[in-house]
Undergrad: 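There's a structure below that I have some questions on.
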There are 2 protein chains.
Amino acid sequence: MSLRHAVLGLLSEGPASGYDLMKMFDISLSNVWPATQSQLYAELGKLADADLVDVSAEGPRGRKEYAITEAGLAELRHWITEVEPARVLRSDMLLRVFFLAQVSPEQARGYLRHQAEHVRKHVEHLEGLREFLENREDNLSAYGRLSLEYGLRLGKAQQEWAEWAEGQIG
Amino acid sequence: MSLRHAVLGLLSEGPASGYDLMKMFDISLSNVWPATQSQLYAELGKLADADLVDVSAEGPRGRKEYAITEAGLAELRHWITEVEPARVLRSDMLLRVFFLAQVSPEQARGYLRHQAEHVRKHVEHLEGLREFLENREDNLSAYGRLSLEYGLRLGKAQQEWAEWAEGQIG
DNA sequence: TGTGGCATGTAAGATGTTACATGATTTG
DNA sequence: CAAATCATGTAACATCTTACATGCCACA
């Protein structure tokens, strides 16, 4: 149930509407825990039912601003420190690698070359994000930078792997 | 719909029963595309309905051995070469990093230290797997080794990141 | 006044997890 | 003959994706 905690985490920095959260997801969490608009609104409803968030204000166009409650903060902290991360990494990119014997060596090398190129672009994109985050001082940005560094390091490792793997195919 | 292709991929190396596939998933694909027993049997039924696999033999205890069909092989190859990998990496380990400001610096460092240790053990486990795969000559093992190297490289990068990140928290 | 952005919500369907349920065969 | 392993399947529930549906408000 990590979507729930992603929402609580964002609200821990201040109140926001579903629409605001949507944008925050797209900017900062999209690489770590993507969520869709419909998921978000549904989750906000459930969080309010569970008293982990409150509607703190209402604005134009039916805008509802949500704020995290004490119970919500407690739940968030509990999740961070006491709940073991699930770490199920599913990768259909890597799954294909297992079955590369079913295509020609040229196709297999092409596949790996394509993946290397793709991840190179992704790393470039993250470097753009880094500039965007550079001068921000809020908590989310500070820790977001740690997370970004993770993406950068793993992206580079992935790129090097893909280039190495291409060379392994005879 | 990658589960479908994971099953087709395993069957591309030879016929197997649901039970056999389950073990293959646990040994070789668990780090890349985990699947549960109930998912597997359901998927085999659907694959048979779609004529991508056949029941090639029946054995004791209701055992049904499935074989991939020509249409199934074509679908597998199409998926490998023509379908762009989805690459949605969800990580609740990394999600927590965004929200570390909500716990004390000691707790935050403890969290990262714990993650470093955890991934270290995972890398050790993969090194055990490497020995297991070392002398095998089948396709799945050969390409499995590429995949294993991926896990090793990214695991090490992840460990180094966690140690670095711990040092970043003042 | 119209277009783009703000804003919320519902519904259907696919996919994944956990638990339950049953029984046959092999092997010590 | 008991226990482990082989072997298949169903049901309930949670989660995620995609599409649909609606309408207000600011600004050019």
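Within every chain, numbering begins at 1; the chains are lettered A, B, ... in the order of the sequence lines, protein sequences first and strands thereafter.
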Undergrad: With the threshold set at under 4.0 Å for non-hydrogen atoms, list the residues of residues 11-25 of chain B touching DNA chain C in residue-number order.
TA: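 Nucleic-acid contacts, sorted: none.
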
Undergrad: With a 4.0 angstrom cut-off to heavy atoms of chain B, pull out the first and last contacting nucleotide of DNA chain D, in 5'-to-3' order.
TA: dT5(D) to dT17(D)

Undergrad: Which pairs would a plain distance check flag for residues 115-126 of chain B, meaning a side-chain donor or acceptor within less than 3.5 Å of a matching protein atom at least two apart in sequence or in another chain?
TA:
from	atom 1	to	atom 2	distance (Å)
Gln115(B)	OE1	Arg87(A)	NH1	3.1
Gln115(B)	OE1	Arg87(A)	NH2	3.0
Glu117(B)	OE1	Arg120(B)	NE	3.1
Glu117(B)	OE2	Arg120(B)	NH2	2.8
Arg120(B)	NH1	Glu124(B)	OE2	2.6

Undergrad: Using the test side-chain contact (heavy atoms from CB on, under 4.5 Å), find all partners of Asp26(A) that sit at least two apart in sequence or belong to another chain.
TA: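 Not a single residue meets the side-chain contact (heavy atoms from CB on, under 4.5 Å) criterion with Asp26(A).
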
Undergrad: What is the bend of the helix from dT1(C)-dA28(D) to dG28(C)-dC1(D) when you compare the axis at one end with the axis at the other, using five pairs each and rounding to 10°?
TA: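 Inter-axis angle at the ends, rounded: 20°.
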
Undergrad: Give the B/S/- string for nucleotides 23-28 of chain C, one per nucleotide from 5' to 3', where a protein heavy atom under 4.0 Å of the base yields B, of only the sugar-phosphate yields S, and otherwise -.
TA: BBB---

Undergrad: Quick test of your reading: applying salt bridge (charged side-chain N to carboxylate O under 4.0 Å, His left out), list the pairs with at least one residue in residues 102-113 of chain A, sequence neighbours left out, ordered by first then second residue.
TA: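 Listed by first then second residue: Arg113(A)-Glu166(A).
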
Undergrad: Salt bridge (charged side-chain N to carboxylate O under 4.0 Å, His left out): which pairs involve residues 132-144 of chain A, sequence neighbours left out?
TA: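 Listed once each, the pairs would be none.
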
Undergrad: Partners of Tyr150(B) by ring-ring contact (aromatic ring centres under 6.0 Å, His included), sequence neighbours excluded?
TA: Trp161(A)

Undergrad: Going by the rule side-chain contact (heavy atoms from CB on, under 4.5 Å), which residues pair with Glu58(B) if we only count those two or more places apart in sequence or in a different chain?
TA: Val55(B), Lys64(B)

Undergrad: Dump the pairs, protein N or O against N or O of nucleotides 11-15 of chain C, anything under 3.5 Å, distances to one decimal.
TA:
none

Undergrad: Of all residues at least two apart in sequence or in a different chain, which pass the side-chain contact (heavy atoms from CB on, under 4.5 Å) check with Ser38(B)?
TA: Thr36(B)

